[in-house]
Every structure is written in structure tokens, then in C-alpha cells.
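Below: the structure, in C-alpha cells.
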Number of protein chains: 2
Amino acid sequence: MRIAVDAMGGDYAPQEIIAGAVRAVQDDPALEVILVGDQARIEAELSSVGRPPGLMIRHAAEVVGMEEAPGPAIRSKRQASVSVATRLIKAGEAEALVTAGNSGAALAAATLYLRTVPGVARPGIMLLLPVQGGRQAVVMDGGANVDCEARHLYQFAHLANVYAKDVLGLPEPRVGLLNIGEEDGKGNAVAKQAFTLLRASSLNFTGNLDAKDVFRGVADVIVCDGFVGNVLLKVAESIAEFIVEALKTAIHTNSLTRLGGWLLRPALQPLRRQVDAHEYGGALLLGVNGLVVISHGRSNARAIQNAIRVAAEAVAGGVMGHIREAFRGESEAACQEVASGPE
Amino acid sequence: MRIAVDAMGGDYAPQEIIAGAVRAVQDDPALEVILVGDQARIEAELSSVGRPPGLMIRHAAEVVGMEEAPGPAIRSKRQASVSVATRLIKAGEAEALVTAGNSGAALAAATLYLRTVPGVARPGIMLLLPVQGGRQAVVMDGGANVDCEARHLYQFAHLANVYAKDVLGLPEPRVGLLNIGEEDGKGNAVAKQAFTLLRASSLNFTGNLDAKDVFRGVADVIVCDGFVGNVLLKVAESIAEFIVEALKTAIHTNSLTRLGGWLLRPALQPLRRQVDAHEYGGALLLGVNGLVVISHGRSNARAIQNAIRVAAEAVAGGVMGHIREAFRGESEAACQEVASGPE
């Protein structure tokens, strides 16, 4: 299996990105990684950390900055690392791409060079959320589409459903529509229409998922528009940080509380890992014709290693093939249905 | 000061509601509370807990159930406790209402009997969110309006701004627009239009508030539509519960961790209070022509006591008068502006 990694994208690029890629190939001898970026800088970095077999370099002369406007950057910088890496997928030289760079640019490059899977109206961002019982829920859309129609939510459900089957290994993922109550008929206009489409679909649709139940593990796939999804994920992350900070403050109150914290420390490890964004490593861009993993801008080596694992799991699970299959039949029919419907 | 309390509304009504009202008047001799509901049941309850001076009863023969459809219930049950209590405000017999009953019914009763403040297009739900540094942020709309236009968000900002001044005592509250990034131009269509309106307003508008910064205390007023606001508040509450549960599990791992938890316990009290919904007691319905505090359905006596305190603070701060003033000038002009604008 061969995965392209954008060596120049991210707040800690290229050092942490390269370190993460090195660890990934060291841990998995069956894995090959192509580091895409400034060859001289990558070689200099590898000369200090060592270059394991399975690690290749592809030169890319340009870089898209974290704050650059994505569309113009991708159109004007054909040799940007993220663009060169995306074209490796198109050319069949890599099976997936991992980037911690400008996420809008990654989306723009994927849309430009890979296009969408036939039948998919809009690609979206899929993320994993830790939920009770040590499980994970798939959230889509996590932020690519801020203004959605019901049919987009319907398609996100199908895309995320494939992932939940192929990678989480769930035979019949429970699909919930994120809403402000669990009763039928709840929500805004788009949610109500999406409910109708999902109810009529072949998915194992369990109805509206009240936002208060998101972490209870009652849905495997959580469907929402990109505005709400982005708020959900960021709020979850930031309140977790807020509580962890408050916990640290409590532990540092006096010597007794410090002792208490020290005694509790081993038992708190699972929680620490669960709320640590670096453990998740990446979001998948689903709906484009190729696998793209977008990692957090502030990814460290461990986050990149996890993002490469996410990409490898999606490749191994056959996600792309199953998405193409899913959208050959069902989804085109649904689109026609919606187009001629009352929406 | 006199506050009407819906004795029949809430999962633990009437016992916990009555107990909360009793504590409130015991704590504050200047406060009078009118318990509204089934006179016989209220008297029976008071005969066991004692009836302090300052506690009155107003009989109401009907009750709106927690799961009843709000509109039809309010139209058909004129003698429902929430309706009788709302009319006490209209008649000038009470200065505010507290209810832990069906929140849709409270909104419907308020809209029917009190109407909106002239100039306000739609009332909304205002809530307090704990943020870093032991501060609180005002969030509006917390769930009353799931499909909003930009001008509604603009009005929510003005309504919440009055509260932040009058009750939180902030001379110039920092108003942020909840968004998926902090840069200008971020967000969905409604957020972009609301940004333009807020930028041109007399408010101390600090721009887009990235959802990841919600708990950092960088905004005093957080403006959003009711769908997003409801998701925000529920997710915050449920992830806090999720982490508290994980913490309890960690503490109960073995005897050493139990000792650790016991040592940490006193230092964790501020955090416990901060994430405990019962401490907040209530959401304010802002924009209707009278003060209505909607408390959590599962309010216990302490939550009701806190909700009565929230109502009393709003009365003491002169919130209603200032809202009427704010909407006499600015807001009507803004509405005309929007009506003739490009929206």
C-alpha cells in the first residue's frame, strides 16, 4: 500500500510531518509513503532522523500557506505540494493522501484533480468522535458545506455509512440525523426534508438524534450540515480542553491535591487519550474520487502517524470501491426523486 | 418584588418546584412568590414543608403535559398553570414567571398573552454558558427559532446585549457571532448577512467567534440561530456529563484511585458547580413583553431556586424597560434597512 503525504502542510511542517511518516513506515513494513515537498528540505530532515526503506520523496516546488485563499492558491500553484500529492492519486501512484495543510486548499485540489464520485453532488468532511463505551461515531459533514440542501445530507449519510461498514466493521450502522430533539418533525426546514429522505432510504436510519445524545453512543453515523457539524466538533474539543484545564488547576491547588492527581493519573489515561485530538489524526474527505485525509493544522508526529493509519484503514477496507458502488444505484435514483419532488 | 412560579410544570412537579420556591422566599425576605397550580395539591405539599410568609397560591385547574403539542395545548387550556401564571404578568400582579414545564408551551403562552416587545420580530431563548476564568457568556438563541434570517440574529444580539449590561454588569459587552472560523466572510449565507448587520450596528461587535473559542471567554454575548444554539448548549452539557462519568469511573478503579479522588474532591467543587445545569436554573425568554424564565424539565428544588434568582436579577436590573428602550430606536431602523436591503 502506498500513501502520499504532504510534507509541507501544517503548523509544524516539515519536521513533525516527516517524523510521523518515518514512524508509520517503521511500524508497518507493508506500507510505503511518498513524502511530497521541497526535496532538499525533506532530505535534510531525513538525514537527521534516518530514512527507513519504504519512504520515498517526490519534489514539489511550491507550498500553499495555512492562511491563503484556497481556490486562487490551488489554481495558481500547480506545483504546490498538496496539488502534486493529489495528482499522485489521480495517476495511480498512491492510494491515498494525507495533509495537515490548509484544509480548504486540500478540498479545492481534490475537487479540481480528482473530481467527485459520479452521483455525488458535494464532497464532505467525515470525522470520528469518541462516544461512551469506548466506541466511535462517524460525523459528516464536519465543515466542508455550510449551506446544505436535504439531498446533500442524504448523500453524506450514504458516504459515512460506507466508512462505518468498511472501517468500523459494523454490518448495519445506525444512522442518526443530528437534531434538537428526537421526535419526528423536529428541526429546521432542511432537517425535516432530510428526515423524509433518510426514512425512505435503504439505510438503517434510527431517526433524529437529539444533540444531547451525541456522546451516548446511540448512533454510529451522525448526519448534519457542515456549519452545525463544525460547531459540534469544535465545541466538543474545546469543552474537553476546558475541563482538562480545570482538572489540572484542581490538581495543582496544594500538596494533597497533587498527591490525589498523582494517584489518579494512571486511571485517567484512557480519558486523556479519548479527548486528545492527536489520537484521531484526521478527517476523511468523502465523495471525491480518491482518498484524502485532512489532518489538524497543528498535527504533531503522532497525529500524522495516526492520520496515515486512518488512510491505510480506508484503503484496506475498500472504501472508495464501495462508495462508487453505493452511488451507482441508490443515490442517482434519490437525486432524481428529490429533483422532481416538492423541495 | 413578586414572581409567579408554575408549580405544575416539570418532571418533578409539584414537590421540587414548591420546595425551590419555599427556599427562595426564605433566603430573600424582599421576595414574594405566587405558586400557580392545583390549590389542593400545593397546600398539601406546603403543609409538610411549611409555608413561609411571602408565599402565595393562585389556583389553576389545568396542566400542560411535558410531551403535549404546545400550540394546541395553550389554545385549548386557558386555565393551564403556565397560562394563568403568564396572565399574572400581563395583569401586573407579578413581575416575572418561572416555569420548568413544557418549554414550547411557555413560549406559546408568552407569545399569546404577552405579545412581543414592539420592534422585535421573534422572541428567543437566552442562556448562560460557563466559560474560562469563572465568567459567563450569554448565548442567544438557545432553541426557539430553528430557521432564522440575518435580521433575527441581529435582534438576538441586541436583546442579549441588554441582559449582559443589566445583569452581568458589563458596560460594553463584547458581542460575537458564532461561526466556523474567526475571519470575516466565514460561515453560511445567514451568518454572512448577520455579520454585515452587526458590523454596522451600535453594539461592541467583535466579529466572528470561532466555535473552538466559545469557552475561552473572549465574547460576553454569543449570537447564533436556535438550531445551532441548541446543539451548542446540549453538546456542551452532554460532553461535560461524559467527562464527569469518565472521571468517576477513573476514581473507582481501585483503592489508590479512590484515595486520589477523595484528596481531589474539594478542589473539584468549582468545576462541579460550573458544569452542573442545576446551578444555572434557567433560560430567559427575551423579546416577549414580560420576563419569562424557562427552567430545565428535570429541575430539582435547587434549580428552581436558581431560576427564581435569575428572574429576580433580571427584574432588579431593569431588563424589560431597557429592552423596550433599545427597540424603540435602533432596531426599527435596522428592520427598515434590512427590508429595503439586498437580503
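First the proteins, then the strands, lettered A, B, ... as listed; each starts at 1.
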**Asked** Would a 4.5 Å heavy-atom cut-off, applied to side chains only, mark A/Glu183 and B/Glu67 as touching?
**Response** yes

**Check: B/Gly142 main-chain N/O paired with B/Asn230 side-chain donor or acceptor under 3.5 Å** = yes

**Prompt:** Can you list the residues that meet the ring-ring contact (aromatic ring centres under 6.0 Å, His included) rule with B/Phe215, with sequence neighbours excluded?
**Reply:** A/Phe242

**Flag side-chain contact, heavy atom, 4.5 Å: A/Gln136 against A/Leu168** = yes

**Prompt:** Quick one: are A/Arg122 and A/Arg151 in side-chain contact, heavy atoms under 4.5 Å?
**Reply:** no

**Request:** Report yes if some heavy atom in the side chain of A/Leu264 is under 4.5 Å from a heavy atom in the side chain of B/Leu264; otherwise report no.
**Result:** yes

**Prompt:** Side chain of B/Thr257, backbone of B/Ile251: donor and acceptor closer than 3.5 Å?
**Reply:** yes

**Best-contacting candidate, A/Thr249, A/Val131, A/Val231, A/Asn254, against chain B by heavy atom pairs under 4.5 angstrom** = A/Val231

**Prompt:** Listed by chain and number, what are the salt bridge (Lys or Arg N to Asp or Glu O under 4.0 Å) partners of A/Lys234, not counting sequence neighbours?
**Reply:** B/Asp210

**chain B contact via A/Leu233 - which portion, at a heavy-atom distance below 4.5 Å** = neither

**Asked** Which atoms of A/Gln269 come close to chain B, meaning under 4.5 Å heavy atom to heavy atom: side chain ones, backbone ones, both, or neither?
**Response** neither

**Complete:** Expected contact set for residues 216-229 of chain A against chain B at heavy-atom separation under 4.5 Å reads A/Arg216, A/Phe227, A/Val228

**Asked** Pick from B/Asn188, B/Val214, B/Leu268, B/Leu263: which one has the most heavy-atom pairs with chain A under 4.5 Å?
**Response** B/Asn188

**Listed partners of B/Asp184 passing salt bridge (Lys or Arg N to Asp or Glu O under 4.0 Å), at least two apart** = B/Arg199

**Asked** For the candidates A/Thr253, A/Asp213, A/Val235, which exhibits the highest count of non-hydrogen atom pairs separated by less than 4.5 Å from chain B?
**Response** A/Val235

**Asked** With respect to chain B, which residue among A/Ala189, A/Gly143, A/Ala191, A/Gly261 yields the maximal number of heavy-atom pairs within a distance under 4.5 Å?
**Response** A/Ala189

